[in-house]
Amino acid sequence: MKIMLKDGSFKEYSEAKSVYEIALDISEGLARMACAGEVDGKVVDLRTVIDKDVTLNIITANDPAALPVIRHTTSHVLAEAVKRLRPDAKVTIGPSIEDGFYYDFLTDPFSREDLDALEAEMKKIIKEGKEISRFTLPREEAIKFMEEKGEPFKVELIKDLPEDAEISFYDQGGFTDLCAGPHLMSTKNIKAFKLISSSMAYWRGKSDREKLQRIYGTAFNKKEELEAHLQKLEDAKMRDHNKLGREMGLFLTADVIGQGLPLFTPKGTKMIMKLQRWIEDLEDNEWGYVRTRTPLMAKSDLYKISGHWDHYMDGMFILNKDAEDGKEVMALRPMTCPFQYYVYMNEQKSYRDLPYRMSETSTLFRNEDSGEMHGLTRVRQFTITEAHIVLTPEQAEEELTRCVDLAHFVMKTLGINGDVTYRLSKWDPNNKAKYEGDENYWNSTQQYLRDVMNKNGIVFTEEDGEAAFYGPKIDIQAKNVYGKEDTMVTIQLDCSAAAKFGMYYIDEQGNKATPWIIHRTSMGCYERTLAWLIEHYAGKFPTWLCPEQVRILTISEKYNEYAEKVKAELKKAGVDVTVDKRSEKIGYKIREARLAKLPYWVIVGEQEQAENLVSVSSRFAGNEGQKPVADFVAQIVDEIKNKTIREEVNE
């Protein structure tokens, strides 16, 4: 057989050889550094036997492609350490993920002290330097093997494998785990790792299954790389909206109220109000939308027509679900679309009235699993800039482009346009029961969105199983400080709902025609957007968004009256301003203003009062000097009006 290597050279062998044996034949040094192989573009275990002509790349520890192998092997070392310290713990799965790995166990919760003890045990296992071997078993023997080990979750996994699946195991000198690999050749090849945190998770992500304890960790080839990553995580913690937003007094939660139901303080509420007023004025005055206001709940009859009852019931809060004696079954709305359809149908429309753009600041309710809740990014009640555009099929391309343009404008204004990616969210052809419409419907609508993005020069990925049940989506994604991707804006094409509701328009020939519908957001969920802004700006928001834009600091109480006069001038101009009249030293007041991440603070004393001035300082330029009050008011009003994003000064 003939093996073409990465550099274009060839190796020829008369008999089958493993990837490791080929690496060893090339050089002992390469074999020592080898972590995996890439055979015809697919990453495989070093133990994989090659018996035909292929292209082969030996993946070494310095190659980024080695990290998943290193991390997956480290997750097995973690599992062994847990079994040593907690023999009764049951193991489940332990995959590598983007920045590390995790492993889920059925056991008691882990404290930080427990994680430290596990790290120490893992170091012992790594120091033992056990060779890792791979073997396979027939299905029944594999089931019996794991039953004898008392691992019911592994038994379940084996039983769920296809009949013709190869069932493989990896043994590291006593601890054996069901796994497809690939893995390192020895535990001693793990050089740098850290257990990061622990949390609760459900088996297979289902809230009606067992509650498990998940340990997150990471691993790198070099200690320096690990330290850099840990520093990055520390920096992320400082920007984490769930921590920083609470510290800044923007929102809070209360156990007695429930998970995923945040409470916004006056400061946080003011920020959301600024966003809401801006978006509503923008849509209504510049982008041609009409505004609606619809109920927060409806009878189940509505959701049965729309399809949500069949396809989305698990995600809904249902009231009187088992109602008897003629009582109506009601549900809180998970989206606004079926309500707005009736607004459209209230008056007959012709083709001249289309596109008909309805927008609403919609409060929605979704019954998320408790394990999925996180700060403001995953909540059970949220408010969204939701719109539905009823249009002719001929108008769809232009209108979809307008939706993308509006989203671009909003993100640019917020300063987040450079940190987003685009995804075409498609149906899953292997799970057709989850969706409405046949294969032709999905292929055609997906291609329509694909063409729109291509014509607009948008680079995007495609993902099966992420579509709405009625149609595909353009999802605009952004990563949080930990690298997890969330959907910020969504634009959905729906060519089926109108017919279900009997929606129509009168076409140019005077006939009834069925419209298409675009479901879209311009900014998305206010809660998630606020979370993103907190993390993106580390709490140092653009002036127009700040709940407190100026703080007036008095040198002494003698100047309180003048401070109130300056405040009145700023208030009259629409600026959010406060006065710090406390009998503290001015240096202390300045430090507090800086810690509060205020955009501006101004000092007033004897000279300022005498000459109608303010001494201005800002996050953006430091000490800006003395200015007439009128000039400062004009400066900040212009900055707020234009939604200027100023660069921070390095102090």
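The first residue of the sequence shown is numbered 1, and numbering continues consecutively from there.
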Residues forming a side-chain hydrogen bond (donor to acceptor under 3.5 Å, both in side chains) with Y102, sequence neighbours excluded: none
So, the side chain of E436 versus the backbone of S496: is there a donor-acceptor pair under 3.5 Å, distance only? no
Under the rule for side-chain contact (heavy atoms from CB on, under 4.5 Å), what residues qualify as partners of R246, not counting sequence neighbours? N242, F251, T253
Evaluate the side-chain proximity of D240 to H374: yes if any heavy-atom separation is below 4.5 Å, no if none is. yes
W516 and Y448: ring-ring contact (aromatic ring centres under 6.0 Å, His included), yes or no, with the steps? CA-CA 13 Å; W516 287 5; Y448 202 100; 5.6 Å; yes
Could you give me the CA-CA distance, side-chain angles and deciding distance for R528 and T487, then say whether side chain to side chain contact (heavy atoms under 4.5 Å, CB included) is met? CA-CA 9 Å; R528 185 173 289 180; T487 299; 4.2 Å; yes
Could you tell me if the side chain of R450 sits less than 4.5 Å from the side chain of E462, heavy atoms only? yes
Considering residues at least two apart in sequence or located in another chain, which fulfil the side-chain hydrogen bond (donor to acceptor under 3.5 Å, both in side chains) criterion with T269? none
Minimum heavy-atom separation for A180 to S168, with atom names? CA-OG, 3.6 Å
So F264 and L530, do their side chains get closer than 4.5 Å, heavy atoms only? yes
With P162, which residues qualify under side-chain contact (heavy atoms from CB on, under 4.5 Å), at least two apart? D164, A165
Please report, to 0.1 Å, the donor-acceptor pairs under 3.5 Å made by any side chain of residues 307-317, with sequence neighbours excluded.
residue	atom	partner	partner atom	Å
H308	ND1	S306	OG	2.6
H311	ND1	K434	O	3.1

Closest heavy-atom contact between D99 and T218? O-OG1, 2.6 Å
Who pairs with K512 by side-chain contact (heavy atoms from CB on, under 4.5 Å), at least two apart in sequence or on another chain? Y504, I506
Just say parallel, tilted or perpendicular for the rings of Y170 and H76, cut-offs at 30° and 60°. perpendicular
Can you name the one residue among R520, R357, R402 that meets salt bridge (charged side-chain N to carboxylate O under 4.0 Å, His left out) with E283? R520
Distance flag, aromatic centroids of Y342 and F501, threshold under 6.0 Å: yes
Return yes when atom NZ of K479 has more than 12 non-hydrogen atoms of other residues, nucleotides or ligands closer than 6.0 Å, and no otherwise. no
For residues F169 and F145, establish whether the separation of their ring centroids is below 6.0 Å. yes
Between L354 and Q395, does a side chain to side chain contact (heavy atoms under 4.5 Å, CB included) hold up when you go through it step by step? CA-CA 8 Å; L354 305 186; Q395 295 169 329; 3.6 Å; yes
Counting N and O atoms only, with roles assigned by atom type, does the side chain of R366 sit under 3.5 Å from a partner on the main chain of R380, one being a donor and the other an acceptor? no
Taking atom CZ of R293 as the centre, does the number of heavy atoms from other residues, nucleotides or ligands within less than 6.0 Å exceed 12? no
Flag the pair Q213 / D104 as yes when at least one side-chain heavy-atom distance between them is below 4.5 Å, and no otherwise. no
For a quick test of reading the model, state the closest non-hydrogen atom pair linking W427 to G437 and the distance between them. CZ3-O, 4.4 Å
Do the side chains of K473 and I491 get nearer than 4.5 Å, heavy atoms only? no
Excluding sequence neighbours, so at least two apart, what forms side-chain hydrogen bond (donor to acceptor under 3.5 Å, both in side chains) with E280? Q276, T361
Over all heavy atoms of both residues, which pair between D475 and S425 is shortest? Give the atoms and the distance, please. OD2-OG, 2.6 Å
Show, in sequence, the C-alpha distance, side-chain angles and deciding distance for I517 and Y341, and conclude whether the side chain to side chain contact (heavy atoms under 4.5 Å, CB included) test is met. CA-CA 10 Å; I517 299 170; Y341 298 160; 3.5 Å; yes
List in chain and number order the residues that pass side-chain contact (heavy atoms from CB on, under 4.5 Å) with F409, two or more places apart in sequence or in another chain; answer none if no residue qualifies. W278, L282, T413
Honestly, is K349 close enough over Y356, meaning NZ or CZ under 6.0 Å from the six-membered ring centre and within 45° of the axis? yes
Side-chain heavy atoms of L161 within contact of R139, under 4.5 Å: yes
To the nearest 0.5 Å, what is the distance between CG (L233) and OH (Y216)? 13.0 Å
Could you list the residues that satisfy ring pair (Phe, Tyr, Trp, His ring centres under 6.0 Å) with F153, not counting sequence neighbours? W203
Are V420 and M411 close enough, and set up right, to give a side chain to side chain contact (heavy atoms under 4.5 Å, CB included), and what steps lead you there? CA-CA 9 Å; V420 299; M411 289 186 294; 3.9 Å; yes
Scanning both residues in full, the closest heavy-atom pair of I534 with G245 reads CD1-CA, 4.0 Å
Pairing residues for E368 by the side-chain hydrogen bond (donor to acceptor under 3.5 Å, both in side chains) criterion, not counting sequence neighbours: R378
With sequence neighbours excluded, tell me which residues meet ring pair (Phe, Tyr, Trp, His ring centres under 6.0 Å) with H536. W532
Who pairs with E151 by salt bridge (charged side-chain N to carboxylate O under 4.0 Å, His left out), at least two apart in sequence or on another chain? K83
Do S362 and I384 come within less than 4.5 Å of each other through their side chains, counting heavy atoms only? yes
So F365 and L296, do their side chains get closer than 4.5 Å, heavy atoms only? yes
For R333 and T363, which heavy atoms make the closest approach, and how far apart are they? NE-O, 3.0 Å
Less than 6.0 angstrom separating the ring centers of Y103 and F105, yes or no? yes
Check whether more than 12 heavy atoms from other residues, nucleotides or ligands sit under 6.0 Å from atom CZ of R277, and answer yes or no. no
